[in-house]
Each structure stands twice: as structure tokens, then as C-alpha cells.
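Heads up, the thing below is written out as C-alpha cells.
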Amino acid sequence: MATNLGFLILIFSISSIYVSASVFYPISDSHRSAASEIFTFSDPSLEATYEALATLEVLGVGANSDVQTSTCKSVVDTLSLPTSNIKNLFFGLRVNRLLKCELSDGHFMDITARIKDSVPGANSLLDFYYSIGSLIDIKGQTSEVDVNLENADGIFRSIKALSQSDGTWRYSSNNPESSAYAAGLALETLGGVVSLASSEIDEYLINTVKNDIMKLFDSVEKYDDGAYYFDEKLLDASGHHGPLSASSSVVRGLTTFAKATSTSLNLPGDKISGLAKFFLGIGVPGNAKDLYYQIDALACLESNSVLIPLIPSIQSTVISHTSKDELKVRVTTVLGSAAPLLSVKLMQVFSSGSKDASIIDQELKFDSENGIHTLEALPESVDVGKFTFVFEIVLHDAEHKKIYATGGRTKVPIFVTGVMKVDKAKIAVLDSDLGSVETQKKLSFEEENSVSLSANHLQKLRVSFQLSTPLGNAFNPHQAFLKLTHETKVEHIFMVGSSGKQFTVVLDFLGLVEKFFYLSGKYEIQLTVGDAVMENSFMQALGHVELDLPEPPEKATRSPPQSVDPYLRYGPKDEISHIFRTPEKLPRQELSLAFSCLILLPFIGFLVGLLWLGVNLKSFPTSTVPATFAILFHVGIGAVLFLYALFWIKLDLFTTLKALGFLGIFLMFVGHRTLSHIASTSAKLKSA
Amino acid sequence: MGKSSATSKDAQALFHSLRSAYAATPTNLKIIDLYVIFAVATALIQVVYVGLVGSFPFNSFLSGVLSCVGTAVLAVCLRIQVNKENKEFKDLPPERAFADFVLCNLVLHLVIMNFLG
């Protein structure tokens, strides 16, 4: 039974993975723990530090004080350095906004003056973005410095000049490629210009930007599960800009612009919800950049400047009929804070496989203590199986409809499981000709069965049972098999057919003798009934049947050899034992050593003989040059013999031959000189 | 008896004449003879060893014996060439013969070392 349960759990887990693709959960503790692991502050750049700090702040996780101290030091260094580029200033100011390092108004004044000087000369979107962003940050951090822009209209126009007809932006006027990411940066910058302007910006200009936003939203792409995103066509060399960064940038730009102009953009609520679903659908990103984009965008959406998306999350998408599970829905904002007063309605239920939906208008009961909406009773039409529930969020207060985006109807896949009723289970042996029952046994699947039957090839075996859902409907499981296993491990599997609730399989042995390979003897019977939604799936041994089959004819096929255990096929193979050559018999060491010494005897005899013969070195040349050659000749021979010894010990033939070539030439030369000298002296002696 | 003592006398006489004849042999030829005896004796000892314990590192045994026999043969060749009574090598200086001997020995031992295992 344990294996059955494991199988069920496996199926459930697979289906829940599949389901999670379209059930969105708000930001939770898993994000917080992931964030504290991902942001290690190992990248010392201010940009990475800002992204980490900003994300941690949104998630409510504090950075440790060591990081704060060291970061503040680098911020102050960067901001007081007159040569810092605008990008570093921008991120330095942003980090300072979060950490509130000690910076004097003098610092701010210097930076403001520098930036204000550079703004008129800026010609790329990024220059504008960093300059305006820095000024906004200075404005937020001190009130002593005047950051207002006199020529705000002009700056607004030069940024607007980079926009394209489809709502995207170019990075600079001499770069024709445009992107949604740049559009987000531009919108954020324009929002900044509006809030820095010393005089009101022309209403007409703001309206053209609103039009651009509308056009940008026309190009938004959609996934099947209702998530919307901005695709990034321009591929960046840094590889960081994809749909996530583009969507995040647009959302940030959008909210900044909306907040600065404090006008309603009248964006469709379903697209805002869709964007929120896109960011939430990513789950927990694996790298710092993606996590920043996700959390930053969600924080922007939550900031009540466009529309705040509300996300219904289902606590468990698998519901058991038998244990009377309740369907619980929690509605929160994207970051998980509580939603306003609202009710959740179950509008429709689709059954998987059939297109027709039952229309229901059932309001879920709200538990104000836990903030959970509960569906107390499943609709009557919902039996076990896979369903799609359609929920709708209805805000109670009409004013809230301008603040919150409910995202229309939310489709949620739901699994309903239950314990199936199995009864009238019988196993019988029938006579073939009349069909009359010879022996019949009742079966009960709650306990062990061990029926013992016997049959011959003229009889039939019938197994039958009834299966119905908790609501009494017919149920057709994915798997219903009857397995007969012979003593020799030969297995035969039969499908159990059904008509309505009745499941029957009849084995006519007369037609099966050949398939059974004429193997008489004991067959174990096993019945398997299983389905993902069936909580009491089982695989049970029913007992055995003693079959008496006729003798096989001569040409009958033999049963294939069965492996003892099919699982062994995938198990480890037998260890290979290597046969090594047995070592040769060697003599005792002493004997070998004795002979080694014995070998020296003739040599000693040779030396003694030489002495006895009175050998001398008188003819060894005495004058310097021939003596040198003679010595070299002997050294050369010695060297060649030494080389042979080396060859025997470690060198290979090629190295040896190479060395031998050189030594040979040398030896020939000195040998020739020596021997010819000796020859000439002996010739002189003769002639004398 | 008489016959056998005559035989031993003959043998003694033969031995004496051989010895006296050999005493006239030049010293350098004696050295070569000594060298040949040394080489053959070494080879014999190795053969005895193999006869006693078996021929397991057979290539080593072959190398050892062939090295001795080979160098003995080369020494005999040297002796033939150096011997002044061999008229056919009259024009060949003994130094040239010695150089040949050295060269042949070096080549022989290169092969032997390769074969030693």
C-alpha cells in the first residue's frame, strides 16, 4: 500500500508543478531568504550595491551594519571626487538615499552645479537619465540646494525627440534602434523633469507622452495564463535586457511619470494585473539582477500611482472530496499586504476535457480574522477530476475600483480527489459452453485476499467489481489491469473493461493457451486500479488459480526466458574479475646473488691473467695532445656504455639513438686520431 | 701398462711442445686469448645457472650468453686480423682492426641492451 501512496504523491506533485504555472503567489518569505543569499555585496560597484539595498529594503530585510559602513565610505569617496562620472554619481546618490550617509550640503551643491552644467550638453538618453535622476535624489535628500530646472520644457522636448511612433525610445539620436527598456528609462526621466521643473510643463507635451504610453501598451505581449510583458527586441551586449528588465523598466517609468504628473493614465486594469502576474510568475529568480528587476517593479506597482494589482492565491489546488477540504482563497497585493474589503465569487467551473462550463455565482465566505475567503461546499456539479475554477474579485467600495486592479476573472486549475467506492467484487470460474458459474468467491479490497481456484483450458475466469465516485457517479480510472503471473515469472496483463460503474474482465483460457505458452500450474492473480484523483488506488494480490492446460504441440513457441527480477536489469552488473598471469617461479635470492658473484670470477681471472702476462701501458701516448685524445677516446667508450646502461634503465630507443649518434661521431673522431697516432709511432719504430 | 705410460708421455710431450710453442706467441695475442677465455667462462657460468634454476627471464639469459659469445667471436676475429702470421691481413694495421673490434662491440651491445628487457 505504501508504494501506492508514493505513486499517488508523485502524481500529485507532478500535477501541482504543472498547475503552479498559472497560480500566482505574492512575494513571500522564500523571496526574503533567497534575497539574503543572493545579495552578498561581493560586487563593489555602486550600481550592484544600490540594486541589492533597494531590493532588501522593499523586502524588509536589513543589510548588516558592516556593509553599510563600507558602502557609505565608498559613496562619500565617489561623491566628493570631482572626476566621478555621472553614472557613478547617480548610483552613489541613490545608495545615499537608502543609507543616509553623512554628506554635507556643500557636497550636494557641488554635484548639483556639475550636473546642471552638463544637462544642456547631454545628447543621449542615458546622460539625461543619470543627470535628472541624480537631481531628483538630491532634491529628496536636502532642501537646501536648489535643483529646479529653468529650461525644463527644452529638456522635456529633447528627451521626447528620441521617442518612436510605437512608444519605444532610442538611446541617442544617431542610434536608430529603439527598445522598451529605453522607453522605461525615458518615462522615468520625463517624470523627473516634470517634478524638477520650475514652471509648469506644457500640458500638450504631457499628453503626447501619455499617448506614447498607450502605444507602448498596445505592443504588450500576453501569455496564455494572463500574464502580460514587454518584449525586448534590441539585444544588449551586456545580455541583461530581456522581457523581465524591459517590463520592469517600463513599470518603473510608468509609475514615476504618473506620480510626477499626478494624472490618471487610464491604463486597462487587466494589463496592470497581467504585468503583476508576469513578475510573480517568475517565482524566485536565481540572480541578483533579475531579483532586483522583479522586486523593484512589484514595489512600483504597489506604490499606488497607477493601479494596485490584487492577486488571489489559492492555498491548495488539490482538494479531497472525502475529507471535505475547503477551497481557500487569499487576496493580497503583490507584496503580500492585505487587500481592502472585497468578496471573491466563484463564477464558473470548467471540467477538463469538456468545454461546457457550469455557470455558478457563488460567493466565498470571508473569514476576516485570517483574511481568507473559503468555499464551504463544492458546487454539486463538481465530482472528482481536474477542473478549472473561475473566480472574480468584487470590490465593495466603488472608490477602490480606481485604486485597485482586480484583473478580471482568474482561472485556477483545481484537482478534486476522493475515495472511490469499490463493491460487488467477485472472482469466478465459469464453464465455457454454458457460461454457468462453477466456483465464485467474493473479494474485499480493504483486506488481504487469497482465493484459491482451479480451472482447465475449457473454462473461463471472470473478475468483476463496481467503482463509483463519492457522489455516486461512474468513474473510469486511468489504470485497471489484471495480471497473471506464472511460477516461472511469465507475466500476462489484461485490461479491465468497463461499462458504466461495472468493471469486468473475462479470460477465456481456450483462446489463451497459446499466449500462455501451454504453461500449466499456479498463476498468481493481481489487480491494479489507479488514478491520480483516486485516493484509494490499489495494487492487490487476489490469490492464485491453478491452471490445467493441454500439453504443448511440437511447434509451440517456448516462453521467453524471464529475468529473475526485472529491476535487476537496471541494477549494478556483476563485478568483473580480472585474471592476472601468475608470476613465474623465481629461484631463491641467495642463489641468484651467488651466481652474480660467480660471474665476477672470470673477470678477476682475466685481470690476474693480464698481470701475469705483464701487460703495461707503455705505449700510452705521453705528449699532451695525443694523450688528451686517447683519454677522450676511453671516456667516449665509457660514455657509450653508460648510455647503454641508461637505455636499459629508463630511456627509450629513440632518445638513446639520438644521443648515440652524437657520441658516435665524437668517438669516431677521437678514436681515429688516437689510433692513427699509435699507428704512426709504431711505423716510426719499425722504420727506425 | 707400458702403452699407457707411453701415451701419457706422448701427451706430456705434446703438452710441452704446445706450451713452448704458445710461449712464443706475442703478448697482445695472449691478451686476446685471455679475453676470449674470460668471455666464454662467463657464458658457461650463465648456462650453468640456467641449467640449475630454469630459463625464466629467457631474454635476459639469451642476452647475457650472446653478449659473451658475441664478444668472444669478435675477439677471435680481432686475433685473426692482428696475428702477423696471417698473410692475408698483412696490409691491415692492427689499429684499424682494433677500431673495428670496438665498433662491432658497441653495435653488439646496443642490440643486447635492447634485448635485455
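Here is how names work: the chains are called A, B, and so on, in the same order as the sequence lines, proteins then strands, and each is numbered from 1. All values below were derived from every heavy atom in this structure, side-chain atoms included, with hydrogens, water molecules and symmetry-related copies excluded.
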Neighbour count above 12 (heavy atom, 6.0 Å) for Phe620(A) CZ: yes
Any idea which heavy atoms bring Ala99(B) and Leu675(A) closest together, and the distance? CB-CD1, 3.5 Å
Mind checking whether Phe98(B) and Phe633(A) have parallel, tilted or perpendicular rings, split at 30° and 60°? perpendicular
Measure the spacing between CG of Leu110(B) and CG of Leu653(A) and express it to the nearest 0.5 Å. 7.0 Å
Chain B heavy atoms under 4.5 Å from Phe606(A): which part of the residue, side chain, backbone, both or neither? both
Looking at side-chain heavy atoms only, is the closest gap between Val53(B) and Phe595(A) below 4.5 Å? no
Please state whether the side chain, the backbone, both or neither of Val40(B) comes within less than 4.5 Å of a heavy atom of chain A. neither
Write out all chain B-chain A donor-acceptor pairs shorter than 3.5 Å, or none if the list is empty.
residue, atom, partner, partner atom, Å
Tyr49(B), OH, Ser592(A), OG, 2.9
Leu106(B), O, Tyr644(A), OH, 2.7
Gly117(B), O, Trp648(A), NE1, 2.9

Output for pair (Phe38(B) CZ, Ile604(A) CD1), nearest 0.5 Å, gives 10.5 Å
Nearest-0.5 Å distance that lies between atom CG in Leu598(A) and atom CG in Leu44(B): 11.0 Å
Leu641(A) and Leu106(B) have their tightest heavy-atom pair at CD2-CD2, 4.4 Å
Hits for side-chain contact (heavy atoms from CB on, under 4.5 Å) against Val111(B), two or more places apart or cross-chain, chain-then-number order -> none
Using heavy-atom distances under 4.5 Å, tell me whether Leu660(A) contacts chain B through its side chain, its backbone, both, or neither. side chain
Can you say whether Leu657(A) sits under 4.5 Å from chain B via the side chain, the backbone, both, or neither, judging by heavy atoms? side chain
What is the distance from atom CE of Met113(B) to atom CG of Leu651(A), rounded to the nearest 0.5 Å? 12.0 Å
Reported CG-to-CG distance for the pair Leu103(B) and Leu667(A), which is rounded to 0.5 angstrom: 8.5 Å
